[in-house]
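Sequence lines set the chain letters: A, B, ... in the order given, protein chains first and strands last, and positions in each chain run from 1. What you are looking at is a predicted structure, and each value in this text was computed from that prediction instead of being measured.
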Amino acid sequence: MFLPLVKIELVLILFSLLPSLSYGISCEDWFKNSKLQKGPTCADKCGVLDTHMDTFPCPGLCEKLCADSPKPKEMLSLGRYLYYPGLTPEEKSLVEQFPSEALKVFLAKERAEWGCQRIFHRDGVDDESDAFRHFVWAGLLEQDLSSELAKKFLDAHESNLPSNHPSKSMDLANNRAGLLRAKELKKNGMLSQSSLEAAAMTELKNGSLIVLIPRGMPK
Amino acid sequence: MNKHIRGMTACLLFGLLGLVNPSIAVQSDSDPYLSARVFLEFNSALKKFGTQPFNMKFFPTAPLKIKAAMAVDLMKSRTWVGKPAVDVQKSLGKNTGHFWSATVPAYIIQEGWNEKKDTWQLVFLIDKRGIVSDIRIHRNCCL
């Protein structure tokens, strides 16, 4: 008497689980087939996708389907190079859109900082080391990304400061100088970190880079 | 097994390094970016720079030695923790150091580039809302 009841209950449980399992699988396929890009507007677009008999509950899972994605490997490695709280909203948006490029951007930032520390023995602000760092970072981005995306990332890093802020103007000008020089070096097949560093030092000595607070060149 | 032995050896080595050279005693971080940076622990900072009461008006123009001693006091008192980072810059002036970007308040407290010493700076770490979450002494650069 007791055993048949248990069996019936087990069968009922299995049947009750089946629809959710099938929805889970088919909704993922339904979402994948729609080729929707995950992002801020994904859930809205997903909510109005066409459904059939087997996928009619799927729009109810849109929020989860849009958000619940495994992070790409790049996102995991980014943490080593990113001080997340220090990112501007514009940087955060670019990191979200271009995670693998963002990894290159912040790796290049580290390389520029290492170069700056190696040569200047300081990582200053508004001084020669600051100009050097921005020049080299921009040049490395010209090497690793398209010019347009490089400029987007560089501008995004400065976007928290008002447009008339002298430090922002200095950084943007030195970024631009780095991008231009890197283009020239690239044309001649000579673009590398060391050629960029040498170019930055030459431009600093010539007074072509912007320095708000001169502290002196390395001895 | 080998993994464990390697792990134990690494721990032992790092432990010994900490004992031999207390100046490299650093704060541990769960944030991967911060964990790759060198920060002085309070006791090491106290030993290195001494301490003197922080004075907001005097700090921006104070000689670096005094700034460093005041920075140690700030580390302890945690003044500004929980307040907007922009308030720090309004009170202490423009950054004289660099940590990540201009949005993170950073002030040099020891310049080493002309004396073959490390360069240290006072840094006000922020959270994602731009509020100061911690006050630390960071090695800006290297011997």
Side-chain angles (χ1 to χ4, degrees), chain A residues 75-92 106-107 109-110 112-134 137 153-154 156-162 165-172 212-213 215-219, chain B residues 29-39 60 64 81 84-86 88-90 92-134 136 138-143:
Chain A
M75 292 296 274
L76 298 174
S77 329
L78 261 166
R80 284 183 58 211
Y81 305 107
L82 268 188
Y83 180 52
Y84 280 94
L87 291 174
T88 65
E90 286 78 1
E91 280 180 308
K92 282 177 189 163
F106 295 106
L107 190 55
K109 186 176 186 289
E110 294 274 289
E113 283 178 5
W114 291 332
C116 178
Q117 294 176 355
R118 196 179 65 248
I119 292 171
F120 283 85
H121 300 285
R122 69 180 190 254
D123 212 357
V125 65
D126 292 348
D127 66 356
E128 293 86 350
S129 70
D130 192 359
F132 174 94
R133 193 175 59 238
H134 278 272
W137 184 27
F153 269 102
L154 292 165
H157 191 65
E158 307 300 328
S159 60
N160 260 12
L161 293 174
H165 197 287
S167 299
K168 178 175 181 166
S169 307
M170 171 180 156
D171 292 346
L172 291 178
L212 295 179
I213 304 171
R215 283 204 177 104
M217 296 291 279
K219 285 175 183 169
Chain B
D29 272 294
S30 54
D31 180 305
Y33 181 81
L34 297 182
S35 68
R37 265 76 204 159
V38 177
F39 295 99
L64 289 180
V81 169
V86 286
V88 176
Q89 285 164 330
K90 271 182 204 160
L92 302 187
K94 266 182 68 176
N95 288 4
T96 56
H98 170 75
F99 187 86
W100 181 259
S101 77
T103 52
V104 181
Y107 301 92
I108 298 284
I109 57 168
Q110 179 182 288
E111 288 181 347
W113 52 86
N114 285 329
E115 299 155 42
K116 293 191 175 173
K117 284 196 291 189
D118 282 333
T119 296
W120 292 92
Q121 60 186 358
L122 173 68
V123 173
F124 296 78
L125 295 178
I126 55 172
D127 67 13
K128 59 184 176 187
R129 300 162 301 154
I131 304 292
V132 176
S133 58
D134 203 357
R136 303 221 192 151
H138 168 247
R139 192 173 69 170
N140 169 283
C141 193
C142 32
L143 293 173

So which part of [X] gets closer than 4.5 Å to some heavy atom of chain B, the side chain, the backbone, both or neither?
X         : result
Leu161(A) : side chain
Arg133(A) : side chain
Ile213(A) : neither
Lys109(A) : side chain
Tyr81(A)  : backbone
Asp171(A) : neither
Phe120(A) : backbone

message: Please enumerate all residues that pass side-chain hydrogen bond (donor to acceptor under 3.5 Å, both in side chains) together with Asp118(B), with sequence neighbours excluded.
response: none

- prompt: Taking only residues two or more places apart in sequence, or in another chain, which ones meet Glu158(A) in a side-chain hydrogen bond (donor to acceptor under 3.5 Å, both in side chains)?
  reply: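 Partners of Glu158(A) by the side-chain hydrogen bond (donor to acceptor under 3.5 Å, both in side chains) criterion come out as none, since no residue qualifies.
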
field: Rounded distance [0.5 Å steps], CD in Glu113(A) versus NE2 in His98(B)
entry: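 The CD atom of Glu113(A) sits 4.0 Å away from the NE2 atom of His98(B).
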
- prompt: About how many Å separate OH of Tyr84(A) and CG of Asp31(B), when rounded to the nearest 0.5 Å?
  reply: 9.0 Å

Restricting to non-hydrogen atoms, name the atom on [X] and the atom on [Y] that form the minimum distance, rounded to 0.1 Å.
X         : Y         : answer
Gly86(A)  : Ile126(B) : CA-CD1, 4.2 Å
His121(A) : Thr119(B) : O-OG1, 3.7 Å
Lys94(B)  : Ser167(A) : NZ-OG, 3.1 Å

Using heavy-atom distances under 4.5 Å, tell me whether [X] contacts chain A through its side chain, its backbone, both, or neither.
X         : answer
Asn140(B) : both
Ile108(B) : neither
Thr103(B) : side chain

field: N-O pairing of Arg122(A) and Glu115(B) below 4.0 Å
entry: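 Here Arg122(A) does not pair with Glu115(B) in a salt bridge, since their nearest N and O are not under 4.0 Å apart.
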
query: Taking C-beta and beyond as the side chain, do Asp123(A) and Phe99(B) meet within less than 4.5 Å on heavy atoms?
result: no

task: State, with a plain yes or no, whether a side-chain heavy atom of Trp100(B) is found less than 4.5 Å away from one of His157(A).
output: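 With C-beta onward as the side chain, the pair touches.
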
